[in-house]
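None of the values given here were measured: they were computed from a predicted structure.
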Amino acid sequence: MKAEIKPRINLEGRTRLETVIPLDAPYIVFVDPASACNFQCSFCPTGHRDLIRETGRYQGAMKFEVFTKIIDDLSAFSRPIKVLRLYKDGEPFLNRRLADMIAYAKASGQVDYVDTTTNGTFLSPERLGPVLEAGLDKINISVDGMTPEQYRRFTGVDFDFDGFVRNVRWLYENKGNCEVVVKIPGELISEAQRQEFFDTFGDHCDRIFIENFAPCWPQFDIEAHTGVTISQGIYQQPVGETETCPYIFYGISVNADGLVSSCFLDWGRKLVVGDVRTTSLKDIWNAPALNALRLQHLEGRRRENAVCGGCGQLSHCLPDNIDPYRGELLARFKAAVQLDPAVPAPGGTVVLPVAAE
């Protein structure tokens, strides 16, 4: 097998966050090319269209002029961002201008690296060619079954699995400098199909991995929606609690309509901290609402937040752990950041019961 059995996340060479927080510019910016998805996966909030309607969130593709403003806004930061992640809630290839987005970002000089994640529906040579030519650095391909029947059961669609395999092979043969990563949740396949997964894709990608489901989305019970009991982390690591979210200190997420979330898992739009259509991304990065959320975490009050308090990303998905340094980071943060006590953290608060005297 040519591919390395390795998770999609890069664990090597990571910056120790306790040495750089607070950052004057994000390391990672998530931008969602499209908030909708053609799949209706039981294990993903976007697949539950009734839940999405209740949020009132925009369902559609990001306008190109909104995207170009985001990239132009990056020039106000002191340095280029490390990663532009063209993925959040929906299927990126539903945006017909995905290749134009990649090309614009790469030409800007404000972005070191561009990646995306796709369900593979649109991986035809006609759609992939322009994306590769634009300079995409990495593509994560989510496999959701090893047969059309499994796809129908878990994604709610009729899927041309054989055609999908052919397209992945074409991609690998024509990828140029783009890294190809293929992954699948182990809960979707039988034990025998695990080897079949490696045999089918292992010679046609750079990395391959069998993941686990993870309760990563706040206020979405993945066990209840799938019937799967989760006992391990997403990459088969032991589950461990982390009280201080590292992501809000080095990343920020722009939704398909331009609303900016403090968290890439904000599917319900409850952690919105600004609107890039009317405010610069730098001003949003330094906004009182986002700083209030960071302060809440550094002060050990994450569980008071109705959204962050139940986030399984921090226990199941290998975050950087800055808990041991929270005291020194809090002092440094307060000294460097202008805080407005009148501005609450997004996500609301949990009213805790008062102990009887």
Expected output: side-chain His316 to main-chain Pro215 donor-acceptor under 3.5 Å
no
Would you call [X] and [Y] a salt bridge, taking side-chain N to carboxylate O under 4.0 Å as the test?
X: Asp89; Y: Arg269; value: yes
X: Lys2; Y: Asp203; value: no
X: Asp73; Y: Lys69; value: yes

Are a donor atom and an acceptor atom from the side chains of Asp266 and Asn255 found within less than 3.5 Å of each other?
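Side-chain D/A pair, Asp266 to Asn255: absent.
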Which class fits the ring pair Tyr151 and Phe159: parallel under 30°, tilted 30 to 60°, perpendicular over 60°?
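Parallel: the ring planes of Tyr151 and Phe159 meet at under 30°.
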Do the ring planes of Phe220 and Trp217 sit parallel (below 30°), tilted (30 to 60°) or perpendicular (above 60°)?
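Perpendicular, since the angle between the ring planes exceeds 60°.
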Within the supplied structure, the quantity of interest is the number of heavy atoms (other residues, nucleotides, ligands) at a distance under 6.0 Å from [X] [atom1]; does it exceed 12?
X: Lys63; atom1: NZ; answer: no
X: Arg96; atom1: CZ; answer: no
X: Lys138; atom1: NZ; answer: yes

Should Ser124 and Asn167 be marked as a side chain to side chain donor-acceptor pair (under 3.5 Å) after you check the CA-CA gap, both sets of side-chain angles, and the distance that decides it?
CA-CA 6 Å; Ser124 65; Asn167 285 336; 5.9 Å; no
In this structure, is the centre-to-centre distance between the rings of Phe93 and Phe122 below 6.0 Å?
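No, the ring of Phe122 stays outside the 6.0 Å limit from the ring of Phe93, centre to centre.
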Residues passing the side-chain contact (heavy atoms from CB on, under 4.5 Å) test with Lys282, sequence neighbours excluded, are Ala76, Phe77, Ser280, Asn286
Hey, does Met146 have a side-chain heavy atom less than 4.5 Å from the side chain of Phe201?
yes
